[in-house]
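The structure under discussion appears below in the form of structure tokens.
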2 protein chains.
Amino acid sequence: MENAVRSERTRQAAIQAALAIIARDGPGRLTLDAIARESGISKGGLMHQFRTKQAVLKALLEHQIEHFEKFSQDYLASTDPRQPEAHLSAQIETLREAVSEPHSVAFAIVAALAEEPDLLSIIRDIDVQKIANIKAEAADPELAMLRWAAARGLVLSSVFGLCPFSAEERERLFARLLDARQWDAFAKANR
Amino acid sequence: MENAVRSERTRQAAIQAALAIIARDGPGRLTLDAIARESGISKGGLMHQFRTKQAVLKALLEHQIEHFEKFSQDYLASTDPRQPEAHLSAQIETLREAVSEPHSVAFAIVAALAEEPDLLSIIRDIDVQKIANIKAEAADPELAMLRWAAARGLVLSSVFGLCPFSAEERERLFARLLDARQWDAFAKANR
DNA sequence: GAATAAAAACCGTCCAGTCGGTTTTTATGT
DNA sequence: ACATAAAAACCGACTGGACGGTTTTTATTC
């Protein structure tokens, strides 16, 4: 097999193994040895592809970011471009997706990142951009940011097992956050 | 000195030391040895008061809960009891306080608790109760929960260094969340 | 045959928790 | 009141396992 392909395969295997470990055993159990064991790669092979654990976590994070970025793009593409506040809706939909995926897949990563807080700045930088988009298109920017913050709150709460709502209740709340007409009326009335 | 006092002093010293370590060095550096060193207690003495690290974290968590519970009670006491949605306002005010206190005091604890996720259920159980209160008094319960979720989102984002807003912007958002009149009008219009 | 990838054994550090012992407080008997 | 025994608090060296990372060796690709 070609070297580039070989490397890529190994890296992907490592990432998938890491996701499995986090989902099954929690972020605290995500060790290099565990990844090696889970993926079938030897520790040496793993360390060859990722020089440090931080590098593994970074790859993991980028993998997830890519996943949700794609989701968000797809949503935007499938939506009427004249829809008001499309970026906001896309972000809220993406957050909703993040919270409802299989079983603590993507987000437990965030928990894993408690070990490497620096990596979270990657997410923040992306969010800054998203927020700028949302602001630019919003009739009432503050309200838009609050809707975004509420969605974020629901996601982060759920990720850390802090969410006091049931799954159905959370779903209803997301639905309401997405009810553009209602908020639009509010924004206009409040101008 | 009396035994009970002696124990209590030691336990408090440990908790204060733990807070100092988290604020200064981050949750990753919170070890039993570090707490012993910082507090002047010996390792043995520390272990006598807390049989496991989890016990330390639990005490730390309860200490912080008590702190914010008091803040919330004080707010409720100082407010006109006829004010609509007083519990919601109290919770949002408390969350605002949590995010603006000295320097990552209380919440970095949440980060520390990434090690012991079970402890977070204590917070969740309290939140469930708070949410029940908020719901009971709300003209529009869903809207009330969304306001709560937004405040939570701002706090958790900040705690984990994920917040894409500046401090002033965050402050404005909190102020708006607390503008009861505006939301009340919205709730009524939306009924 | 040079370079890259993978395997396997190994190393040093960190850290929660243990253990044997000392000091201080509290209970008891006289 | 005083002596003495028991209990509680405290001390700090030590242990054992986990874990991130390194080194050495072997296999595969170019």
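Just so it is clear: chains get the letters A, B, ... in the order the sequence lines come, proteins before strands, and each one is counted from 1.
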Starting from B/M1, walk the hydrophobic network (Ile, Leu, Val, Met, Phe, Trp, Tyr; side-chain heavy atoms closer than 4.5 Å) and list everyone else you reach, by chain and number. B/V5
Rounded to whole Å, please give me the gap between CZ in A/R11 and P in C/dA5. 10 Å
Qualifying residues under salt bridge (Lys or Arg N to Asp or Glu O under 4.0 Å), relative to A/E169, sequence neighbours excluded: B/K135
Check salt bridge (Lys or Arg N to Asp or Glu O under 4.0 Å) between A/E142 and all other residues, then give those that pass, not counting sequence neighbours. B/R172, B/R176
Determine which pairs satisfy side-chain hydrogen bond (donor to acceptor under 3.5 Å, both in side chains) with at least one residue from residues 14-28 of chain B, sequence neighbours left out, and list them in order. B/R24-B/E38
Below 4.0 angstrom from OP1 or OP2 of C/dT4, is there any side-chain N or O of A/S7? no
B/L30 atom CG is separated from C/dC15 atom P, nearest whole Å, by 10 Å
Residue pairs, two or more places apart or on separate chains, that pass ring pair (Phe, Tyr, Trp, His ring centres under 6.0 Å) and touch residues 10-66 of chain A: none
Test salt bridge (Lys or Arg N to Asp or Glu O under 4.0 Å) applied to B/R37 - qualifying residues, sequence neighbours left out: none
Can a donor-acceptor pair be found between the side chains of B/H67 and B/E101 at a distance below 3.5 Å? yes
What does the list of N/O pairs under 3.5 Å between the protein and nucleotides 23-27 of chain D look like, with a distance for each?
none

In short, side-chain hydrogen bond (donor to acceptor under 3.5 Å, both in side chains) pairs touching residues 114-124 of chain B with sequence neighbours left out are B/K53-B/E115
Find the distance B/R9:CZ to D/dA8:C1' and express it as a whole number of Å. 16 Å
Tell me which of A/T10 and B/A4 sits closer to the 5' end of DNA chain C, going by the nucleotide each one is nearest to. A/T10
Whole-Å distance between C/dT4 C1' and A/L46 CG? 16 Å
Please report the interatomic distance CZ(B/F186) to CG(A/L143), rounded to the nearest 0.5 Å. 7.5 Å
Please list residues of residues 47-58 of chain B whose heavy atoms come under 4.0 Å from any atom in DNA chain C, ordered by number; otherwise none. B/M47, B/T52, B/K53
Stretch residues 31-43 of chain A: residues that reach within less than 4.0 Å of DNA chain C through a heavy atom: A/I41, A/S42
Applying ring pair (Phe, Tyr, Trp, His ring centres under 6.0 Å) to B/F174 and not counting sequence neighbours gives none
Salt bridge (Lys or Arg N to Asp or Glu O under 4.0 Å) involving B/R82 - partner list, sequence neighbours excluded: B/D80
